[in-house]
> 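Have a look at this one.
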Amino acid sequence: MRRPAVGDPLWLGQYRVLAELARDATTRVLLGSGPDDRLVALTLPDQRSAEAAALSAVLEADPDASMPWWAQEFVPGPSLQDVPDPLPEPAVLRLAAGIAADLTQLHSAGLAHGRLTASHVRLTSSGARLIARATGDDPADDLLALGALLAAQGALPDALRPCLAENPADRLTAAELLEAIGPSAEPWPPAVEKLIAERTAELAQFLDGQPAPQNDSVIYQVSDAPPPPRRPAPRRGILIGALALVIAGLAAWLAWPNPPAPDALPPAPQPPLVESGFLTARGHPQFLAFNHDGRLLATVNADSTMDVLDVVTRKPVGPRLGPFPDTGLTGLAFRPEGSALAASRVRDNQLTTQTWDPRTGRGIGEPLVLENIDHDGSWPALSSDGGVVAVPMSSPRRLELWRVADRTRIGSIETPAAFRNAEFSPDGRTLAIYQRDGHSAHTSQLSLWDTASLRMRGNPIAFAETEQLCCFAFRPDGRTLITTAGGTTGSQPKVRQWDTATHKEIRPAFSLSQDPGNGEMKDAFVIMAVPGLDDQHLVAIATGTVTVRDLDGKQDGAGLPGILNLAVSPDGKTLATTSGSTADTTVHLWRKP
């Protein structure tokens, strides 16, 4: 088993992908976990296959998805082909009893397995299990395959010889074979018990969450907080880990009369984030925004559409908005009085800001349309309530403020630099404007402006030209501004925190690592640090890895890799992330444990 890579889906339908179980030239099998904590095997054929429709024990399938898949019950334990030595007769009988029990159930449904090989048999502490298939035509062929399989494991007991009868009519049915064998209480040989223990211990790692780096023992975990309703993953991991120890102890007892007592394991440290649920968009989400009470989440998808999702019900609020071809999103914000969604987008030199009713998919009022905007290195900014937009204009270079509802120009601020970015404070009373001219010998500056009087507050904050800001964000109370300078050649992204009243740096700067781990998402374009979780922590993303930091920059726990973008709810309690996999249409929700 291995962890999902960045290009792998993190969710398939309602199933969270935990690991890759197997892979061959045509098929991949992933380990998944459902909302009820049931483990499933998720099969992904490289090409669309009719075999899924014929499989038995299929729990759910989506053969028409862009990445077709189907889910079956997951049977833990090593396969029979992993057993290195021939089995003794008691173990062969136990093996036959388990397979015959599963064949009896399959044949009673009028189906035949069709390809009974050692790779389709799993050995568990409670017996043998058969991975269900239903591509055969004759149940008698399954009994012949069973006889041949068991004969390869050692001397064939007399009770199993009818399986090899040349005439199909002379072979026992699976039910008759099971009755002839009877129940078997004989234990597996020590070598088999050892394999089961190793497999169980390996599985426990994936159920508990991601393994930590060597210098960090904290992991991310799945929690029991709805949605969806799940049992606490840590408890499940503890139980499975305890089961692994018991099985390992049994194997040791069988091999050695007096094994030493196992060392006590230290308690697992508290993870910085636990996953509290997921939402499913109708495209690959690339940009996210919460509404003011955190109940709704808007997604902008790769196909230039937008979805509004209900965080509680996990369902879309209304129809898809768009698509809006050849457009670039520059702002997304919910109106505070309800679910209305304002969105700004740019096409060529034209800005369009429209307010939508997501429940009906209809526009509210006339859109604000501005021509001849300057978006070469500059982007409009939308206030957090969707009521005001700050638009960079040229000839002369300036930043104009417009009211969206009545399409009224409020005023303008002179901004002579070539590159200009802006951000509104949460209450909309302050506008932070960053300017730089691109000259290596010049400094860049960040100034704070009062949006009512359009007057600058205090002196600008100066930055070296080598420290170019890529993101800045206010804390919810507006008293602190967090700036992130993008990593240039040979440097790492740098985070600073400023007092908005005095314009002084209130804590030492700290860097964000650009090492994404295994080279994954090294070209991810989102680099930023934002408030989140509580007033003592920040959430940062760089090169596709999300980390939790205290205010001094110390990382809390392991990083969460494979993330394209994120958003924090206004109350700071929920983190939403979208993955770098284009096949993944889910938004993952996280909270503090």
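We use all heavy atoms of the structure for the numbers below, so side chains are in, but hydrogens, waters and symmetry mates are not.
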> Between the main-chain N or O of Arg479 and the side-chain N or O of Asp477, is there a donor-acceptor pair closer than 3.5 Å?
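Looks like yes, one N/O pair under 3.5 Å.
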> Could you tell me if Arg314 sits above the aromatic ring of Phe278, with its cationic atom closer than 6.0 Å to the ring centre and no more than 45 degrees from the axis?
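Geometry flag: set, cation within 6.0 Å and 45°.
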> Between Trp590 and Thr577, is any side-chain donor less than 3.5 angstrom from a side-chain acceptor?
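The answer is yes; a qualifying pair exists.
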> Got a second to check how far Phe424's CZ is from Ile433's CD1, nearest 0.5 Å?
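Separation between the atoms: 8.5 Å.
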> Just how far is it from atom CG of Asp385 to atom CD of Glu337, taken to the nearest 0.5 Å?
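Separation between the atoms: 8.0 Å.
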> Please tell me whether Tyr434 and Trp379 form a close aromatic pair, meaning their ring centres lie under 6.0 Å apart.
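No; Trp379 has its ring centre 6.0 Å or more from that of Tyr434.
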> I'd like to know if Arg16 and Glu275 make a salt bridge, using a cut-off of under 4.0 Å between side-chain N and carboxylate O.
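Salt bridge between Arg16 and Glu275, a charged N being under 4.0 Å from a carboxylate O: yes.
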> Measuring from Arg475:CZ to Thr480:OG1, what's the distance to the nearest 0.5 Å?
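Reported value, rounded in 0.5 Å steps: 6.0 Å.
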> So for atom CZ, which belongs to Arg429, do other residues, nucleotides or ligands contribute more than 12 heavy atoms lying within a distance under 6.0 Å?
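Open.
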> Go through the side-chain N and O atoms of Trp498 and Thr483 and say whether any donor and acceptor fall under 3.5 Å apart.
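A pair is found: one side chain offers a donor N or O, the other an acceptor, under 3.5 Å apart.
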> Do Val530 and Thr484 have side chains that get closer than 4.5 Å, going by heavy atoms?
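Answer no - side chains too far apart.
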> Return yes if some donor-acceptor pair links the side-chain N/O of His503 with the main-chain N/O of Gly458 below 3.5 Å, else return no.
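No; zero donor-acceptor contacts below 3.5 Å.
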> Between Thr578 and Gln286, is there a donor-acceptor pair closer than 3.5 Å when you use the side chain of the first and the backbone of the second?
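No.
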> Is Arg398 reaching over with its side chain to a backbone N or O of Pro396, donor-acceptor style, under 3.5 angstrom?
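Side chain of Arg398 to backbone of Pro396, a donor-acceptor pair under 3.5 Å: yes, one is there.
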> Evaluate the side-chain proximity of Phe334 to Leu296: yes if any heavy-atom separation is below 4.5 Å, no if none is.
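They are in side-chain contact.
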> Heavy-atom distance under 4.5 Å between the side chains of Leu370 and Trp402, does that happen here?
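In short, these two side chains touch, coming nearer than 4.5 Å.
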> Take Asp307 and Arg282 through the salt bridge (Lys or Arg N to Asp or Glu O under 4.0 Å) test and state the conclusion after the steps.
CA-CA 7 Å; Asp307 286 312; Arg282 286 166 284 199; 2.8 Å; yes
> Check Arg359 against Pro319 and note the closest heavy-atom contact, atom names and distance.
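Heavy-atom minimum between the residues: O-CD, 3.6 Å.
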> If we ignore hydrogens and angles and just use 3.5 Å, is the side chain of His292 paired with the main-chain N or O of Arg335 as donor and acceptor?
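Answer holds: no.
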> Side chains of Thr415 and Arg397: donor-acceptor distance under 3.5 Å anywhere?
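Checked: Thr415/Arg397 side chains show no N/O donor-acceptor pair below 3.5 Å.
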> Under a 3.5 Å distance rule, please check whether Gln555 uses its side chain to pair with a backbone N or O of Gly557 as donor and acceptor.
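Yes, the answer is positive, given that a donor and an acceptor are paired below the 3.5 Å cut-off.
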> With distance as the sole test, does Asp550 use its side chain to make a donor-acceptor pair with the main-chain N or O of Lys554 at under 3.5 Å?
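Checking the backbone N and O of Lys554 against the side chain of Asp550, a donor-acceptor pair under 3.5 Å is found.
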> Quick one: does Pro380's side chain get under 4.5 Å of Pro392's, heavy atoms only?
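Sidechains of Pro392 and Pro380: in contact.
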> Taking CG in Asp406 as the centre, count heavy atoms belonging to other residues, nucleotides or ligands within less than 6.0 Å. Is the count above 12?
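Enclosed: over 12 neighbouring heavy atoms sit under 6.0 Å from CG of Asp406.
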> For Trp356 and Gln354, test the side chains for any donor-to-acceptor distance below 3.5 angstrom and give the result as yes or no.
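Short answer, no.
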> Roughly how far, to the nearest 0.5 Å, is the CG atom of Asn565 from the CD1 atom of Ile541?
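Here the interatomic distance stands at 6.0 Å.
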> Is a donor from one side chain sitting under 3.5 angstrom from an acceptor on the other, for Thr360 and Arg362?
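Per modelled atom types, Thr360 and Arg362 side chains form no pair under 3.5 Å.
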> For Thr430 and Arg457, test the side chains for any donor-to-acceptor distance below 3.5 angstrom and give the result as yes or no.
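The answer is yes; a qualifying pair exists.
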> Kindly indicate, with the supporting measurements, whether the criterion salt bridge (Lys or Arg N to Asp or Glu O under 4.0 Å) is fulfilled by Arg407 and Glu366.
CA-CA 8 Å; Arg407 306 176 302 285; Glu366 294 295 323; over 6 Å; no
> Could you tell me whether a side-chain N or O of Ser569 sits under 3.5 Å from a main-chain N or O of Thr574, the two making a donor and an acceptor?
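Yes, Ser569 side chain to Thr574 backbone: donor-acceptor pair under 3.5 Å.
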> Would a 4.5 Å heavy-atom cut-off, applied to side chains only, mark Leu575 and Val539 as touching?
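The answer is yes; the side chains approach within 4.5 Å.
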> Between Met306 and Phe287, is any pair of side-chain heavy atoms under 4.5 Å apart?
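Side chain of Met306 against side chain of Phe287, heavy atoms only: no contact under 4.5 Å found.
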> Where is the tightest heavy-atom contact between Ser383 and Ala333, given as atom of each residue plus distance?
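Looking at all heavy atoms of both residues, the closest pair is O-CB, 3.4 Å.
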> Can you give me the closest heavy-atom contact between Asp437 and Ala417, atom names plus distance?
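Heavy atoms only, the tightest pair is N-CB, 4.3 Å.
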> Donor-acceptor check, side chain of Asn291 to backbone of Gly294, threshold 3.5 angstrom: yes or no?
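Answer holds: yes.
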> Salt bridge (Lys or Arg N to Asp or Glu O under 4.0 Å) between Arg549 and Asp556: does it pass, once the steps are laid out?
CA-CA 6 Å; Arg549 308 277 181 145; Asp556 183 4; over 6 Å; no
> Let me confirm one number: the OG-CG distance from Ser412 to Leu401, rounded to the nearest 0.5 Å.
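Between Ser412 OG and Leu401 CG, I get 9.0 Å after rounding to 0.5 Å.
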> Is the backbone of Pro323 close enough, under 3.5 Å, to the side chain of Thr305 for a donor and an acceptor to pair up by distance?
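Flag not set: sc Thr305 to bb Pro323 has no pair under 3.5 Å.
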> Would you please test Glu505 and Arg507 for salt bridge (Lys or Arg N to Asp or Glu O under 4.0 Å) and show each step?
CA-CA 6 Å; Glu505 196 168 2; Arg507 290 183 180 273; over 6 Å; no
> Does the pair Asp374/Arg420 count as a salt bridge with the N-to-O cut at 4.0 Å?
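Yes, Asp374 and Arg420 are salt-bridged.
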> Quick check for you: to the nearest 0.5 Å, what is the distance between Leu512 atom CG and Lys494 atom NZ?
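Rounded to the nearest 0.5 Å, the CG-NZ separation comes out at 11.0 Å.
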> Any ion pair linking Arg455 and Asp450 (charged N to carboxylate O, less than 4.0 Å)?
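Result for this pair is no, no salt bridge flagged.
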> So which atom in Pro272 and which in Pro593 form the shortest heavy-atom distance, rounded to 0.1 Å?
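Minimum heavy-atom contact is O-CD, 3.6 Å.
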